[in-house]
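Working notes for the structure below.
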Amino acid sequence: LADYRVAQPGARGLAAAASGMRQMLSQQSTALGDIVTREPVMRAELEHSPLAGVAYWEVVCTHQSDAHTALNALLPHLHAWQDLQRPGGPVVGLSPHSPYLVCKDMLQALARLSRDEGIPLQIHVGESPAEMAFFQTGGGPLAEVLARLNWRKHPTVSGLGIPADASLTPVRYLAEI
């Protein structure tokens with residue numbers, strides 16, 4: 001995934017979104033569920049998509065110490081996007097990327113926001129053995145890839161607020177927080 005994003009920098013931009021929309025319409029789709037990472041794509045989908053559904057803003061916050069600041073930065077955008085919602089079009093949702101790229105405090109804040117404001121929420125979870133290894137040992141192939149990405153603060157089990165537990169699964173972790 002990381003290599004793909006580097007090799008295909010426009011893969012999640014406006015042109016890709018427009019192409020995807022044309023394909024969906026040509027197949028007579030009536031709804032969409034899209035994970036969006038770029039502001040212009042979110043605005044375009046909310047303002048122009050003829051399809052119902054959810055445009056999920058992808059959230060990444062890899063350290064507990066950044067959660068409050070990241071949430072405060074997200075809220076004005078979220079409320080501006082909600083103002084763009086229209087009858088028959090998509091609504092705004094939130095997509096905390098995964099429990100290995102979103103810290104515990106941010107996951108809890110997004111869940112509260114979803115519940116309190118009725119915002120759709122979706123997350124990638126338990127998708128690979130590498131994710132399981134990361135949760136249970138803090139190491140493995142996923143940890144290696146995350147370290148290689150040169151994040152300002154690359155995700156670690158302790159930085160994410162995940163307890164050390166050799167029997168912990170990503171799904172159980174989410175249920176417990």
Side-chain angles (χ1 to χ4, degrees), residues 1-2 5 12 17 31-39 41-43 45-46 49 51-87 89-138 140 142-143 145-146 149 151-177:
L1 179 61
R5 286 188 177 175
R12 298 181 87 180
L32 66 80
D34 191 13
I35 297 174
V36 181
T37 62
R38 298 207 166 97
E39 172 94 21
V41 174
M42 179 63 86
R43 294 182 84 67
E45 287 189 7
L46 294 170
S49 173
L51 303 176
V54 183
Y56 293 97
W57 183 255
E58 186 171 70
V59 177
V60 173
C61 179
T62 59
H63 277 264
Q64 294 280 89
S65 61
D66 297 332
H68 183 73
T69 301
L71 181 65
N72 285 337
L74 170 65
L75 290 175
H77 295 281
L78 177 65
H79 295 132
W81 297 326
Q82 287 173 317
D83 289 344
L84 297 176
Q85 294 175 157
R86 58 201 159 72
V91 298
V92 176
L94 293 169
S95 177
H97 181 279
S98 60
Y100 59 86
L101 285 182
V102 182
C103 67
K104 179 176 128 184
D105 287 352
M106 182 60 101
L107 286 169
Q108 290 173 328
L110 294 174
R112 273 191 306 277
L113 187 62
S114 172
R115 182 185 61 243
D116 294 349
E117 295 192 23
I119 298 168
L121 189 70
Q122 83 79 39
I123 188 168
H124 300 285
V125 63
E127 296 181 332
S128 72
E131 184 176 349
M132 190 74 73
F134 181 75
F135 269 78
Q136 293 176 342
T137 69
L142 179 57
V145 168
L146 294 173
L149 291 177
W151 296 66
R152 182 175 62 85
K153 296 180 183 176
H154 82 272
T156 62
V157 171
S158 62
L160 288 163
I162 299 169
D165 181 347
S167 67
L168 187 64
T169 68
V171 173
R172 192 179 105 213
Y173 167 69
L174 290 176
E176 290 176 358
I177 65 165

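Note that the structure is a prediction, hence the values are computed from the model and not measured. Along the sequence shown, residues are numbered consecutively beginning with 1.
Considering OG1 of Thr37 and CH2 of Trp57, their distance stands at 6.5 Å, rounded to 0.5 Å. We find the NE2-OG1 distance between His63 and Thr69 to be 14.0 Å, quoted to the nearest 0.5 Å. In this structure, the separation between CG on Leu71 and CZ on Arg112 is 8.5 Å, given to the nearest 0.5 Å.
Applying the side-chain hydrogen bond (donor to acceptor under 3.5 Å, both in side chains) criterion to Asn72, with sequence neighbours excluded, gives His68. Gln108 is linked by a side-chain hydrogen bond (donor to acceptor under 3.5 Å, both in side chains) to nothing, counting only residues two or more places apart in sequence or in another chain. For Ala67, the side-chain contact (heavy atoms from CB on, under 4.5 Å) criterion is met by Cys61, Cys103, Asp105, Met106, not counting sequence neighbours. Residues meeting the side-chain contact (heavy atoms from CB on, under 4.5 Å) test with His77, sequence neighbours left out: Glu39, Trp81. Under the ring pair (Phe, Tyr, Trp, His ring centres under 6.0 Å) criterion, His79 pairs with no residue, sequence neighbours left out.
Residues Leu160 and Leu107 form no side-chain contact, since every pair of their non-hydrogen atoms from C-beta on lies 4.5 Å or further apart. For the pair Leu46/Asp83, no side-chain contact is recorded, criterion being any heavy-atom separation below 4.5 Å from C-beta on. You'll find the side chain of Ile119 reaches within 4.5 Å of the side chain of Gln82, heavy atoms only. Two residues are said to be in side-chain contact when any heavy atoms from C-beta on lie closer than 4.5 Å; Thr62 and Leu146 fail this criterion. Side-chain contact between Val102 and Ile123 is absent, with no heavy atoms from C-beta onward closer than 4.5 Å.
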Inset, instruction - Kindly determine whether Arg86 and Ser49 satisfy side chain to side chain contact (heavy atoms under 4.5 Å, CB included), including the steps that lead there. - result: CA-CA 10 Å; Arg86 58 201 159 72; Ser49 173; 4.2 Å; yes
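Within the structure, the side chain to side chain donor-acceptor pair (under 3.5 Å) test picks out the following pairs touching residues 168-177 (sequence neighbours left out): Asp165-Arg172, Ser167-Arg172, Arg172-Glu176.
Taking both residues in full, the closest heavy atoms of Val91 and Pro120 are given as CG2-CG, 4.1 Å, listed atom of the first, atom of the second, then distance. Ala55 approaches Val36 most closely through the heavy-atom pair CB-CG2, 4.2 Å.
The only member of Val60, Leu174, Leu121 that meets side chain to side chain contact (heavy atoms under 4.5 Å, CB included) when paired with Pro96 is Leu121.
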Could you go through residues 125-138 and list every donor-acceptor pair under 3.5 Å that involves a side-chain atom there, pairing it with any protein atom two or more places apart or in another chain?
unit_1, atom_1, unit_2, atom_2, d
Glu127, OE2, His124, ND1, 3.0
Ser128, OG, Ala130, N, 3.4
Ser128, OG, Glu131, N, 3.1
Glu131, OE1, Gly126, N, 3.0
Glu131, OE1, Glu127, N, 3.0
Glu131, OE2, Gly126, N, 3.1
Gln136, NE2, Leu168, O, 3.3
Thr137, OG1, Ala133, O, 2.8
Thr137, OG1, Gly139, N, 3.0

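Inspection of the Ser95 and Gln122 side chains reveals an N or O donor paired with an N or O acceptor under 3.5 Å.
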